[in-house]
Structure formats: structure tokens, C-alpha cells
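Only one structure is covered here, and it is reproduced in the block below.
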Amino acid sequence: MKKQIYITLFTLLIAFSVSSQSRQTFTINNGWKFYKGDLEASKNANSEKVPGLNDADWETVNIPHTWNNIDVTDDTPGYYRGVGWYQKNVFIEEEQNEFKTLIYFEGVNQVADVYVNSQWVGQHKGGYTRFHFDITSFLKYDQENTIAVKVDNSHNVAIAPLSADFTFFGGIYRDVFLVKLNTVHFSMDDYSSSGVYINTPEVSKDEAKIDIEYVLNNDANQNKTVHVVSRIVNKKGETILTANNKVKLSKKEKNKVFKESFSIKKPELWSPGSPYLYSVISQIKDVKTGSVIDESIEPLGLRWYKFDPDKGFFLNGEYLKLIGTNRHQDYLKKGNALSDEMHVSDVRLLKEMGGNFLRISHYPQDPTVLEMCDRLGILTSIEIPIVNAITESNAFTNNSLYMAEEMVKQNYNHPSLIIWAYMNEVLLRLPFNQKTEKERYEVYAKNVTELASKIETKIRALDSNRYTMIVNHGAIDRYKDSGITSVPMLLGWNLYQGWYGGSLASFDSTLDELHQLFPKQGLLITEYGADVHPRLHSFNPERFDYTVEYGNMFHEHYLEALKSRSFIAGATIWNLNDFYSESRGYALPRTNLKGITTLDREKKDTWWLYKTFLTKDPIIKFGQNEWKIRGGVADAGTNASTQPVTVYSNGDQVKLVHNDMVYDAKVENNIARFSVPFTNGKNIFLATTVINSKTYTDMLEVDFRLTPNQFSDFKSEVYNLNVLLGSNRIYEDKVKDQVWIPEQEYKKGSWGYIGGTPFRPKTKYGSLPSSDLDIIDSEDDPIYQTQRVAITSFKLDVPDGKYIVSLGWAELISDKEHEKLVYNLGNDKVSENVSDRVFSVLINGDYVEKHLNLTAEYGAERAVSKKYEIMVSKGTGISIDFEKIKGSPVLNTIQLRKIL
Ligand code: GCB
């Protein structure tokens, strides 16, 4: 027994002494002290020293961390863009003296200054690429060392992105590591890459050629001879090829390049259907002892591909339509500070949907994203964050080129990666008026094209095997005329016909036009989408109503158009997930709602639409399956309300059972559509389809709140009525457990408005069905974003009894200054003068509001809700009348609750 323990200990000791020679990489994420703001002590930052920072009162945080995760969700516009300080003590062992120590950051937004023991070590500019510093000479051994990082996410004209439709969360928001290296190692100095670059210049079914380039460093003061051992290992872990070379390194030699080549006969190919990964295991070994001094493991996927301008994309000689999504790296209430697991689960979400392509937009993301794409079989493009505009300066150019080199070198070995991209809609946000300052525009367009050419040349020099791409918006001529479209190999187009403007049908003609205009370049539709608030519905959907139904219509149309055109090599939905965009108003403030999942990854219908179309798994799934509380008015003379029900399926026929009734529908374009009478209370639906002789089912339970067509229809019931004025929308409020239904015109015996018109803000995108203002003091902005203007009355012919009537308002004409974000509806001033709106309200002849002036009393854009207790007797019902004093009376919401 004793002997056994000794043996074990001895083995451990050997193992430790061998592995301790090799590289060690470990996070130092926990227990940082954080201070939001700048410090006196740092005023001379960037110079050699900051005095020790007293962090006694600082907050303790863990990394990944951002200081903006909460302030982006509050009612006040803007978010903190400035300096934050992080500090942490790390004990460094005496033994580490013999090694190099690096500090390695996966992402800090956006300028980071790193200090060790009060000494400034270096600065990194750019929020989305990885970087490291060699801190060996700053360390003290056998004691605590203080690491401080000053982070700044202020607007910086020299660093991309300058402006974009996403929030620039500040902080150390990805992992931070210490890396312990032997003096001889694979160099990370080449733009924080792995120092191992794998090329597969020729791959076929018969043979794959593999070239490996190593970048080696010798930081020792004497010459070194080492063995570099390269192994190709298959999926089972078996070494299938190996090579061993003696390499001589002079003292202090940096970035010595050494190459090795292999060839695999009858290789296993990598593809979305079968993402076979080999690995390249490389070791630097001591010539005398054979011990491992450094080690690297890189993925190896064998595939070949091409983009054909007419026929589309081919992988391993076979046609493959690239379909998938874009992705932003944020999550509900977490901002961009996500754990590895959350990145992993996003990629899984795309794979589960059947996507085979991810546009990693608009910036390089956490390393786990590409790792997962390699493993799951999702082809990708990646890009540096030059979005909307450039700064015409050397500093901006140099930083952009630097980022491009970081991106290429850091992500070089991923088999899933096939496209390097570098500009998104750069002629969108012009720093001047293109029409009146034509000359200025021409210079700008020339400068943008020149920058594009420089980046293109750089990327092609770094990697001649992959494609390059620039992504443009729908102003096609602007890009063509500037010459920028002839710079990259592929063109990406972000198209929103039927959303920002135009009709859905004009998407189809634009695709054909693009093919005609650019017959020699592969084309991808890099973005398309419509904002959807999953709690908003409409049976008369229209552009900018944010309803599930409009989003569905939009995607059903786009999908058909994309499917039928092989010259469109690929298409990526904007976006996998809803994401924070601080200056957006809309149905959920601060959020871009074009995700096919929400900020917390609830699947919207569109996710299911694509899954049904893209995967071969047998599918049957109710559309609007998250819509659990529904409501509507009973069909005349009945006690049910007929509403549509959709079922996604890749079967041929779907059978639907509801309340002992059975319906049948043919599946067309993956959807079976039904019209079903919903009854008050619980409604249970069962859908069935048969695929390859097997039966598949889905169930849906809906709590339906039926509103009487005539109040006399069900006198004795206790009911609630929640009505959105000036709107076709239905809003499900899961928190308050209620549903809001659209207005209707008053009919005798029933309820409804008399007079007026729906408020339709006139914006640069046309006259739209709802306001985009962020409503202060409300968690349910959509209910206040519509209203009826110049309403004269609202009548409810309710039976006698006691009722609570609540009236809701928000003044939607506001003269507050809003950031003129290029994406916002414009908040264009409507000619009416706000202060001119004054009106009174009477209920059953009594004044309940006199001289109501919403702006003066509460301020515009603010939710105001008032409850009135009403006794109805002698069959009078309830009549709410509006008396105009100045301007037009308005009403946004009305609620009725019967008490007795
Ligand atoms: C675009 C941009 C993207 C926006 C999107 C939108 O074209 O590339 O960053 O978020 O449109 O939703 O408007």
C-alpha cells in the first residue's frame, strides 16, 4: 500500500516537472476591483507610471464584466461612455522567474492601458480583437503583484466602429488569462496569434496537402537547438502522420519561421453535414531530455470551396446554399459580458435551426464562436468593425489595418471560416449632405475606396486562400459609382425592402438587378429582417407594426425569393438574436428587435419557419406558440372568436383538433393555416402530421379572453376589456396576465370609439402605424405608442353595475431632442404644436378631467394612467366624451373592469 503511494507521488512529480516546462494558460477572471470613472492617479496614464491605486472602496467584480449592462435598459437616453478601472493582485511564485509571463485579453472595449506594479506596460486599441503583453520584466517574485487596467469606451475617431446600430458596452468583457511560457515557444507576438498557421492549398477526395508554418521565439540569452514535432491526429485520437525536425534558434531570436508539409491520402472531408476535424499537435522538445517545452493544438478541417457568380456556392464540389444568421454578442441584462457557455449555446441555436452559415457581425467575437462553428459544421465569415463611416485619417487607417491583421492571424486556422470581411455599409452615414456637398462626397467616397483597397491588399497578402467581402446597403448605385464594389472578391448586400421602404416584391427585383449589375462577383444577402416584438400581434399586419405576423410575412416572402435564385450564394438573417442598440426607440426601447430569438433567446416564429424549411428532422410546431394569453371579440351572434392558427411542418398534411372539432389543411411552403373559433377560457389544440408513416404531434394551450360582441350576450360574467386606441395590434402582457385588443368603432349594444383617426407619425420611412418614442414610466411601451386623435367619445353599453374605467395617455408629439440616429424613424417633428393640446373628459356627463394638458402636467413621452370608479344604473351604459379646448383630444388606451 505504502509502496503504491510512493509510486503515484513519484509519477506525479515527473508529470509535473515535465508539464511545468510547457505552456500554462489560466484565467484570472475572479475577484477584480472595479471603479467606474477616471482617477486622479491616472492623469498621467500612458506615461510610465501610475501610483498604486487605493481600491478599498471599489466594487468587486468578476470578468467577463461590463459597466453598461444595466444603464442601457433604463428610461434615460445614453449610456456611460468613459473610463473604468480594474485592479487585482496576483501572487507570482518564485519558480515562475525562469519563465515568461504574458497577460492575454480576449476582448476589452475599447482602449485598454495595462499597468503592472504601477508601471505602464502597454496599450491596445480596439474592442473586439485579442491582445497580450509580456509582463515578465514587470513582475516581482514570491509576492503579490498588482495588475491594473484602465479601460475607456469613449467615442474615439481613430478607432472603428465610429457609429453603429449596437451598443458599445465598455469593460473587460471577455476572459483574461495569464500565460506562462518557456523561453523557447511558439510565438504569440505575431498579433497575438497562436504562432502556428495551417494552410490546405490543395484538397480533393483523393488527397489533401497541408502546409504548416511555425513562428518560434527564443527569449533566452543563449542559442538553442530544439526539436519541433508535428503530428496530425484523427478524430479517434490516432496519430496518422508525424514529422520531427531539429531547429536552431540564435539567442534572443524572435519570430523565426519554420515550415512543415504533409499530405493525407483519401482524407475525411469537413462539411456542415459531417464536420470532421483532425488536429495538428505541435510540440517543441528539448533535444537532450526530450521533454516538452511548448505545445500547441490547432484544428484541421479538410475542405475546398468556391463561389460561382451564376451558380452560387460549392463545398467539396457540391452545391450548397448558404443559409444562416448574423449574430450580436449580447444577452438580456448582461450586455456583452457573456460566459463561454452562452456563446456556445448561440451557435447551437443556429445549428439546431438547420443554419449552415454564420456571418460573425459586425466584429470578431469570442474565440468559442469559431471553435463551435468548426465543431458543429457552420461555415462563417468574420469582419472588422468598420461600420457606417470612416475617419479620413492616418490614425484610423492604421488602426483598421492593424485590426485586419489581428483578425486574420488570430483566426487563421478555423476550417469553418471562408470569408474575411471588413466594411459594413460605409456609405450609409455620410458626415455631410451628399446632394448639396457633392464635391466633398466625391473625395469621401474616394477615400473610403482607397482604405478598402489597402485593407483588401493586406488581407490577400496574409491569406491567399480565402475570399474577401465588403457589405453594402441598398443604395446600390452609390457603391457601384464609388468603385468600392470592384475591390473585394464577394459582395454582401443588406436589404430591407418591405421594412425601411419599398414593397416585399421589390426585394425580388433587387436581387435580379444585383446579378445583372455585378455578373462577375459572388453575391450574398448579408442582412434582411423585420423588427418583431414577440408580444405584439395583428391580423392586419403592416410594416413597422413590430408584430409577429408582419415578421412572419416578411420572412416567408424573402425565403421564397432567396430559394429560387441560385446566383445568391448565401443569405444571413438579421439577426440570430435581438440586441441592444442604445439609441433606438421602437416597441422595446434600446433594442433592435430583428432577432429570430429574443434577448434571452426565446424562439420567435421565424426561427421555427427556418427550422422547418432547413432541417430534415420531422417537424410539427404551432406558430405563435409562445402566445398564451389571447383575446378578441366574439363573432356576431356566437360565443366564439374566429382567429387564425398556423402550424409549421414538413409533413404534407396537418390535422388539427380543437374543442372536438377536427380540421385538415395542406402544408404549403412548410405552413398549414387554419381559421378556428376560440372560446372563452382554456383552448387546447392538437396538431398531427404523418411523415414516413410515423405520426408527429404538437400541443398548444391558449387562455382566451373573449370580449362580447354585444354586452347583453353574457350579462352575468365578470369581464375585463383592454383596448388599444388607434391600433390594429394585440398586445399580450404576460406579467399582468392580460391581453390588449385593437379598437373598434362603436356599435349599439357594444363598445367602441366615435370619431377621430389613428395617430400615424410621418417619418422618413413614410407614415407609420406607431410611434417609436421610448415611453417613460412604462414597461409596456407598445400600449402607449398608438392613439386615436380627435376622438369625440368612447362608449360602452355595459349592463348596470360597478366598474373601474382606466384611461391611458402618452403625448406622442414631442419637441424633445432625440439623437438623429440613422436607423430611428426620424422622430421628425410633426407640425402640430404640442402645448396646443388641451382637452376635457366627461364620463356620463360629469367632468373627470378639466383642461388636461399632458405635456404641461406630465411631460411628453410619459405614460399617464387614470382610474375612475363608475356606477352604472338605469341602463345608461358608459359614455366617455372628449371636449376639445385647443388642438385635438387624444386617447391611447382604455380599460374596463367590472367589479359588481
Ligand atoms: C443594417 C446594419 C445593422 C443594423 C440593421 C438594422 O443594415 O448593418 O447594423 O442593425 O441594418 O436593423 O437596421
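Every number for a ligand or one of its atoms is a count from 1 in the order of the listing. In this text the structure is predicted, and so the values were computed from the model without any measurement. Just the heavy atoms: all of them, side chains too, but no hydrogens, waters or symmetry mates, feed the values below.
A salt bridge links Asp346 with Arg327: the closest approach of a Lys/Arg side-chain nitrogen to an acidic carboxylate oxygen falls below 4.0 angstrom. Salt-bridge check for Arg584 with Asp772: failed, with every basic side-chain N at 4.0 Å or more from each acidic carboxylate O.
Contacts of Tyr528 with ligand 1, taken as heavy-atom pairs under 4.0 Å, are absent altogether. At a heavy-atom distance under 4.0 Å, no atom of Asp531 approaches ligand 1. At a heavy-atom cutoff of 4.0 Å, ligand 1 is contacted by the side chain of Glu527 but not by its backbone. Looking at Leu428 against ligand 1, nothing comes within 4.0 Å, counting heavy atoms. Heavy atoms of His328 found under 4.0 angstrom from ligand 1: none, in either backbone or side chain.
For the pair Lys604 and Trp607, the cation does not sit on the ring face, since its NZ or CZ is not both under 6.0 Å from the ring centre and inside 45° of the axis.
For an aromatic pair to be called close, the ring centres must be under 6.0 Å apart, and Trp67 with Tyr79 fails this. Between Tyr528 and Tyr496, the distance from one ring center to the other does not fall under 6.0 angstrom.
Scanning for salt bridge (Lys or Arg N to Asp or Glu O under 4.0 Å) contacts around Arg543 gives an empty result, with sequence neighbours left out.
Near Lys594, the atoms of ligand 1 lying under 4.0 angstrom from a non-hydrogen atom of the residue are 6 (C), 12 (O), 13 (O). Near Phe579, with a cut-off below 4.0 Å to any heavy atom, the atoms of ligand 1 are 10 (O). Annotation for ligand 1: atoms under 4.0 Å from non-hydrogen atoms of His362 are 3 (C), 8 (O), 9 (O). The Tyr500 neighbourhood of ligand 1 comprises atoms 6 (C), 12 (O), 13 (O), with distances under 4.0 Å to a heavy atom of that residue. Atoms of ligand 1 found under 4.0 Å from any heavy atom of Asn494 (numbered from 1 in listed order, with element): 7 (O), 8 (O). Ligand-side atoms of ligand 1 in range of Arg584: 6 (C), 12 (O), 13 (O), range being under 4.0 angstrom from any heavy atom.
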Can you give the donor-acceptor pairs under 3.5 Å from side chains of residues 514-524 to other protein atoms, not counting sequence neighbours?
unit_1, atom_1, unit_2, atom_2, d
His515, NE2, Asp310, OD1, 3.2
Gln521, NE2, Thr485, O, 2.6
Gln521, NE2, Pro488, O, 3.1

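By the 4.0 Å heavy-atom criterion, Phe166 is excluded from the residues contacting ligand 1.
Between Phe169 and Tyr580, the ring-plane angle classifies as perpendicular under the 30° and 60° cut-offs.
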